[in-house]
Amino acid sequence: MTSTRSLWSQIALLVVIISLCVFPFYWMVTTSLKTQVVALEAPPVWLFEPTLDNYRAALFEDGVLRTLINSLIIAVCTTALALVLGVPAAFALARFEFRGKKDLWFWFITNRMVSPIVLALPFFLIARNLGVLDKHITLILIYLTFNLPIVIWIVTDQFRGIPYDLDEAARLEGASQFTIMRKICLPLAMPGVAVSAIFSFIFSWNELMFGLVLTRSEAKTAPAMAVSFMEGYNLPYGKIMATSTLIVIPVLIFALIASKQLVRGLTMGAVK
Amino acid sequence: MRGQVPRKTIFSFIGPAVLGLAIVGIAPLLYAIWTSLHFYNLTQLRRVEFIGLQNYWNVLTDESFWQAMWRTLFLLGTALPLQIALGLGIALVLHQPGLTLLKTLARLSLVLPMATTYAVVGLLGQVMFNQKFGVVNQLLGGADINWIGDPQNAFIMIIFWDVWQWTPFVALVLLAGLTMVPGEIEEAARLETKSKWTILRYVQLPFLLPGLVAVLILRTADTLKLFDMVFTLTRGGPGASTEFISLLIQRVGFRAFDQGLASAQAIILLIITIVLAQIYIRVFYKEV
């Protein structure tokens with residue numbers, strides 16, 4: 001009965017894959033529910049009385065709530081801005097013929113390759129000279145360096161998939177290109193726009209380095225906050241994991257919603 | 001003719017995005033080039049002076065820069081083969097027919113690691129790999145391994161998390177490739193031979209190649225960018241044992257405050273990235 005045996009080994013493999021993926025999250029959540037005494041027990045305990053104290057302390061005493069709000073404001077605004085700038089550009093790349101189009105396309109896409117530290121150094125000096133360190137607007141603009149390319153990439157693709165006949169018909173009736181985009185193509189391209197918005201949100205929400213370098217307190221983002229717990233001895237592991245859980249949960253929800261397109265978005269610029 | 005529109009229209013559509021990306025993407029680079037040509041230390045701002053290519057010379061002859069670069073490539077060279085091997089294995093398992101529910105569940109759980117905030121992965125590493133109360137040593141049967149404080153173990157730990165986070169990505173990319181193989185060709189091949197290896201090599205591999213190229217390129221770029229996870233996990237330590245290129249530049253610029261030298265390092269990293277991107281554009285868009 002080789003087939004039943006191979007079936008069982010397949011089930012076993014799948015269970016192993018799922019557990020390996022999920023276990024760190026299980027450990028994160030359970031640690032966040034431990035008191036400091038329980039969290040520091042060696043060897044670690046698996047059964048204990050859960051408490052929400054870490055969440056309460058982190059959110060309301062240490063100001064994690066405010067950093068989460070900062071992250072939310074920044075991620076939402078930069079995503080909106082990336083869409084406003086990126087959707088018309090994507091439409092032009094998909095529909096118009098012009099010289100240098102290919103070069104422009106590559107320039108947009110290669111931004112994905114550049115290490116953020118290359119930009120973090122000059123951003124810091126410029127922001128300091130302009131007096132905009134620790135301001136939301138600084139991060140909102142800077143996150144465009146990776147959000148705009150992802151929006152252009154996904155939405156251009158989506159516009160290309162819309163039959164050209166529709167444009168043609170509208171143009172014969174005297175509609176301007178802008179009207180064609182807004183009234184005819186954009187409603188059909190909505191799935192792509194939504195996915196690119198989810199990506200833009202996830203990338204901005206997850207970003208650490210710019211947040212670390214360009215904010216202090218006012219505009220501090222949640223990942224930068226989580227890192228600041230790591231200073232000194234006797235680290236508050238429960239609180240760190242509670243903050244981590246709060247950061248990760250929205251991202252995971254969005255990622256699961258867009259799971260089908262996630263791979264496509266991450267291979268941006270490398271798969272046609 | 002299709003697609004021919006007045007220049008003014010084109011510009012009004014694409015101008016704002018180009019302008020936006022130029023302001024946040026190109027202007028800072030020009031400023032970084034300017035900084036890199038100066039002695040520019042945040043602790044001695046009265047003494048900013050033009051020193052030509054001195055910073056570049058210092059970087060190119062600096063052993064720690066090349067060591068960080070080599071370390072970065074070494075990480076790529078160890079993590080990527082593991083990711084491809086494991087990813088291919090997972091993709092092949094998921095590609096087999098049957099067990100739909102469990103496989104959907106597996107596919108969904110694969111999405112989780114790659115969406116996780118990189119900084120949080122590092123924090124998780126701190127908790128799970130702690131020598132005394134970490135769960136990893138417990139699962140290894142009560143081992144007493146010092147993961148974070150030992151140079152070699154710290155490196156292995158970084159590889160582990162990189163593999164954990166990005167193997168799912170490789171698996172899903174390759175799975176997408178496998179589903180591109182036309183069903184009748186795969187069926188015919190299965191009637192011809194029982195060897196799974198033969199089928200993989202001669203039937204499936206051609207469909208996997210574009211995905212593999214993409215993985216190679218993106219993992220290279222992402223390893224050069226790698227910062228968040230390592231910063232929260234080891235800060236590049238102990239010593240410099242996990243100080244990858246982006247961490248080195250961050251340390252020089254923001255912890256040693258030498259913005260001039262760090263900018264020169266960043267520009268050299270950018271040039272290396274552009275060369276790699278050019279190679280990829282040539283290889284991928286011409287040959288595949």
Side-chain angles (χ1 to χ4, degrees), chain A residues 10 13-14 17-18 21-22 24 27-28 31 40-44 85-86 88-89 91-92 95-98 110-111 113-119 121-123 126 141-142 144-145 148 177 202 206 208-209 213 223 226-227 237 240-241 244 247-248 251-252 255-256 259 262-263 266-267 270-271, chain B residues 3-5 9-10 13-14 16-17 20-21 24-25 28 31-32 90 93 99 102 105-106 108-113 115-120 123-124 127-128 132-133 135 138 142 169 172-173 176 210 214 217-218 221 224-225 227-228 232 246 249-250 253-254 259 262-263 266 269-270 273 277:
Chain A
Q10 230 190 99
L13 270 173
L14 287 169
I17 293 168
I18 295 171
C21 288
V22 173
W27 201 253
M28 174 177 75
T31 306
L40 292 184
E41 258 183 75
L85 295 175
F91 186 76
R95 283 293 198 255
F96 306 158
E97 288 304 328
F98 54 93
T110 42
N111 269 285
M113 305 280 164
V114 178
S115 173
I117 189 67
V118 175
L119 295 171
L121 296 163
F123 277 144
I126 294 171
L141 290 177
I142 283 166
L144 284 180
T145 52
L148 204 47
Q177 290 291 347
I202 291 180
N206 277 352
L208 170 69
M209 186 201 280
V213 169
V227 173
Y237 284 103
I240 293 171
M241 287 296 101
S244 299
I247 294 173
V248 159
V251 188
L252 295 190
L256 288 176
S259 65
L262 197 67
V263 170
L266 288 172
T267 50
V271 173
Chain B
Q4 288 297 343
V5 285
T9 318
I10 294 172
F13 274 80
I14 213 156
L21 210 53
V24 295
Y31 194 73
I90 295 172
V93 171
L99 297 172
L102 200 56
L105 206 60
L108 285 177
S109 12
L110 285 172
V111 166
L112 302 178
T116 308
T117 317
Y118 311 137
V120 167
L123 297 174
L124 259 169
V127 173
M128 293 176 67
K132 265 197 303 198
F133 47 82
V135 69
Q138 186 186 31
F169 170 64
L172 293 174
V173 168
I217 292 156
L218 294 170
L224 290 174
K225 285 160 74 170
F227 176 86
D228 296 5
T232 51
S246 291
I249 300 176
Q250 192 267 353
F254 293 106
Q259 288 279 327
S263 298
L269 175 61
L270 181 68
T273 312

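In what follows, chains carry the letters A, B, and so on, assigned in the order in which the sequence lines appear, proteins first and then strands, with residues in each chain numbered from 1.
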S.K.: Given that the side chain runs from C-beta out, which part of B:Ser263 has a heavy atom under 4.5 Å from chain A: side chain, backbone, both or neither?
M.R.: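 Both backbone and side chain of B:Ser263 come within 4.5 Å of chain A.
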S.K.: I'd like to know whether B:Ile14 forms a side-chain contact (heavy atoms from CB on, under 4.5 Å) with A:Phe98, so could you lay out the CA-CA distance, the side-chain angles of the two residues, the decisive distance to 0.1 Å, and finally the verdict.
M.R.: CA-CA 11 Å; B:Ile14 213 156; A:Phe98 54 93; 3.7 Å; yes
S.K.: So which part of A:Met241 gets closer than 4.5 Å to some heavy atom of chain B, the side chain, the backbone, both or neither?
M.R.: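 Side chain of A:Met241 only, per the 4.5 Å heavy-atom cut-off to chain B.
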S.K.: How many angstroms lie between CG in B:Leu270 and CD1 in A:Ile117, if you round to the nearest 0.5 Å?
M.R.: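 Rounded to the nearest 0.5 Å, the CG-CD1 separation comes to 13.0 Å.
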S.K.: Mind ranking A:Leu208, A:Leu141, A:Leu85 by heavy-atom pairs under 4.5 Å with chain B and telling me who comes out on top?
M.R.: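 Option with the top pair count is A:Leu208.
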S.K.: Side chain, backbone, both or neither: which part of A:Leu13 has an atom under 4.5 Å from a heavy atom of chain B?
M.R.: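 Looking at A:Leu13, just its side chain touches chain B.
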S.K.: At a heavy-atom separation under 4.5 Å, does A:Ser244 approach chain B through its side chain, its backbone, both, or neither?
M.R.: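 Its backbone and side chain both get close to chain B.
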S.K.: Tell me, for B:Gln138 versus chain A, whether the close heavy atoms (under 4.5 Å) come from the side chain, the backbone, both or neither.
M.R.: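 Looking at B:Gln138, just its side chain touches chain A.
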S.K.: What part of A:Leu148 is in contact with chain B, defined as an atom under 4.5 angstrom from a non-hydrogen atom: side chain, backbone, both or neither?
M.R.: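 Answer is side chain: those atoms of A:Leu148 sit under 4.5 Å from chain B.
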S.K.: Measure A:Ile17 against the heavy atoms of chain B and call it side chain, backbone, both or neither at under 4.5 Å.
M.R.: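 A:Ile17 touches chain B through side-chain heavy atoms alone.
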S.K.: Is there side-chain contact between A:Val213 and A:Phe123, with heavy atoms separated by less than 4.5 Å?
M.R.: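 Not in contact.
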S.K.: Which bit of A:Val22 comes within less than 4.5 Å of chain B, counting heavy atoms only: side chain, backbone, both or neither?
M.R.: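 Answer is side chain: those atoms of A:Val22 sit under 4.5 Å from chain B.
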S.K.: Taking A:Ile18 as the fixed residue, which of B:Leu105, B:Leu108, B:Leu112 is the one that meets the side-chain contact (heavy atoms from CB on, under 4.5 Å) rule?
M.R.: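 Between A:Ile18 and the candidates, side-chain contact (heavy atoms from CB on, under 4.5 Å) is satisfied uniquely by B:Leu105.
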S.K.: Checking heavy atoms, do the side chain of B:Leu110, its backbone, both or neither come under 4.5 Å from chain A?
M.R.: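 Looking at B:Leu110, backbone and side chain both touch chain A.
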S.K.: Carefully, step by step, assess B:Val127 and A:Trp27 under the rule side-chain contact (heavy atoms from CB on, under 4.5 Å).
M.R.: CA-CA 9 Å; B:Val127 173; A:Trp27 201 253; 4.1 Å; yes
S.K.: If I compare all heavy atoms of B:Ala266 with all of A:Leu121, which pair ends up nearest, and what's the gap?
M.R.: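 Here B:Ala266 and A:Leu121 meet closest at CB-CD1, 3.8 Å.
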S.K.: Provide the closest heavy-atom pair for A:Pro223 versus B:Ala119 in the form atom of the first, atom of the second, distance.
M.R.: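 Heavy-atom minimum between the residues: CB-CB, 4.4 Å.
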S.K.: Top residue by heavy-atom pair count (under 4.5 Å) with chain A, among B:Ala115, B:Ala221, B:Gly25, B:Ala176?
M.R.: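 Of the options given, most contacts go to B:Ala115.
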S.K.: Counting heavy-atom pairs under 4.5 Å to chain A, which of B:Leu172, B:Val135, B:Val120 comes out on top?
M.R.: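 Ranked by contacts with chain A, first place is B:Val135.
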S.K.: Go through the atoms of A:Gln177 and report whether side chain, backbone, both or neither lie under 4.5 Å from a heavy atom of chain B.
M.R.: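 The answer is both parts of A:Gln177.
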S.K.: Answer whether the closest heavy-atom distance between the side chains of B:Phe169 and B:Leu218 falls below 4.5 Å.
M.R.: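 Sidechains of B:Leu218 and B:Phe169: in contact.
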S.K.: If we define contacts as heavy-atom pairs under 4.5 Å, which of B:Leu224, B:Val93, B:Thr273, B:Thr116 has the most with chain A?
M.R.: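 Most pairs with chain A among the choices: B:Thr116.
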S.K.: At a heavy-atom distance under 4.5 Å, which candidate from A:Leu144, A:Ile142, A:Ile126 has the highest pair count against chain B?
M.R.: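 The residue among A:Leu144, A:Ile142, A:Ile126 with the greatest pair count is A:Ile126.
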S.K.: Can you tell me which of A:Pro24, A:Pro43, A:Ser259 forms the most heavy-atom pairs within a distance under 4.5 Å of chain B?
M.R.: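 Of A:Pro24, A:Pro43, A:Ser259, A:Pro24 has the most heavy-atom pairs under 4.5 Å with chain B.
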S.K.: Between A:Ala92, A:Pro88, A:Ala226, which shows the greatest number of heavy-atom pairs under 4.5 Å with chain B?
M.R.: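 Highest number of pairs under 4.5 Å: A:Pro88.
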S.K.: What heavy-atom pair brings A:Thr145 and B:Leu21 nearest, and what distance separates the two atoms?
M.R.: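 Looking at all heavy atoms of both residues, the closest pair is CA-CD1, 4.0 Å.
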S.K.: The criterion is side chain to side chain donor-acceptor pair (under 3.5 Å); which residues satisfy it with A:Asn206, sequence neighbours excluded?
M.R.: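 For A:Asn206 the side chain to side chain donor-acceptor pair (under 3.5 Å) partners, ignoring immediate neighbours, are B:Thr117.
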S.K.: Please round to the nearest 0.5 Å and tell me the distance separating atom CZ of B:Phe227 and atom CD1 of B:Ile249.
M.R.: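 With rounding to 0.5 Å, CZ (B:Phe227) is 10.5 Å from CD1 (B:Ile249).
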S.K.: Of all of A:Thr31, A:Leu252, A:Ile240, which one pairs up most often with chain B through heavy atoms under 4.5 Å apart?
M.R.: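 It is A:Leu252.
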